[in-house]
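Below you'll find the structure, written out as structure tokens, and then a few comments.
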Amino acid sequence: MQPVLRLERLRHFVGELATLLDQGPEEPLILERGGALLAELVGADDWLPAEFAEPHPEHYVQYLLHADARQRFSVVSFVWGPGQRTPVHDHRVWGLIGMLRGAEDSQGFVRRADGTLAAEGAPVRLTPGRVERVSPTVGDIHQVSNAHDDRVSVSIHVYGANIGAVRRAVYLPDGSEKPFVSGYSNRYLPNIWDLSKEAPL
Ligand SMILES: [Fe+2]
């Protein structure tokens, strides 16, 4: 028998985040309170439907799990096959990355005076339950890779926009930018609204 998926965790998260954003907070408060909400969401690995944790054999995939009706935020699952990594890229909006399963390494970059990019500090390793932040104000350029060469890792990301539609950039080693709009890998979203399937709280 299939274990019961606790999809209400995702519904609770998007509701709480919308309530937070209704208050019009500054970005540091969004990162702090939103980060605490995301840590709660990724603190349990019993809610993500299997089709949104399915890797692609050749490259990482990004599934949209929920988009705010006013596109103030979006929630995605990032699925890494063994050894897969992103190019160096930016986001242009605030973002929170919560590790659900496995582990990933995020290497930050800064732009040098000559325009090239330099790695900033050591890579940050995310393990289940941990949350990392990105944004143009706290550091927006990074490269992320699956920390494992032999298994799939999954992280849950939240961004301050409909991230799949944001015009942003990937970076070449000489620091030059290539325009990038990520889109999403899925056509349909998880149904978080069928309360009849849930056990009473
Ligand atoms: Fe990123």
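Whatever order the structure lists ligands and atoms in, that order sets their numbers, starting from 1. Everything quoted here is computed from the prediction, not taken from an experiment.
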**OP:** Fit a plane to each ring of Trp80 and Tyr60, take the angle between them on a 0 to 90° scale, and name the class: parallel (under 30°), tilted (30 to 60°) or perpendicular (over 60°).
**Re:**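 Because their plane-to-plane angle lies in the 30° to 60° range, the rings of Trp80 and Tyr60 count as tilted.
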Original post:
ring-ring contact (aromatic ring centres under 6.0 Å, His included): which pairs involve residues 14-37, sequence neighbours left out?
Top reply: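 Qualifying pairs: none.
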Original post:
If waters are left out, how many protein N/O/S atoms lie within less than 2.8 Å of the Fe ion (ligand 1)?
Top reply: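 Protein heteroatoms (N, O, S) closer than 2.8 Å to the Fe ion (ligand 1) number 3.
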Original post:
Sub-3.5 Å donor-acceptor pair from the side chain of Arg101 to the main-chain atoms of Pro128, do we have one?
Top reply: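 Here the side-chain-to-backbone pair does not exist.
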Original post:
Can a salt bridge be assigned to the pair Asp22 and Arg72 using a cut-off of 4.0 Å between side-chain N and carboxylate O?
Top reply: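 Looking at Asp22 and Arg72, the cut-off is met.
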Original post:
NE2 of His157 to OG of Ser77: how many Å apart, nearest 0.5 Å?
Top reply: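 So the NE2 of His157 and the OG of Ser77 are separated by 9.0 Å.
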Original post:
Closest approach of Tyr159 and Gly95, non-hydrogen atoms and distance?
Top reply: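 For Tyr159 and Gly95, the tightest heavy-atom pair comes out as CD2-CA, 3.9 Å.
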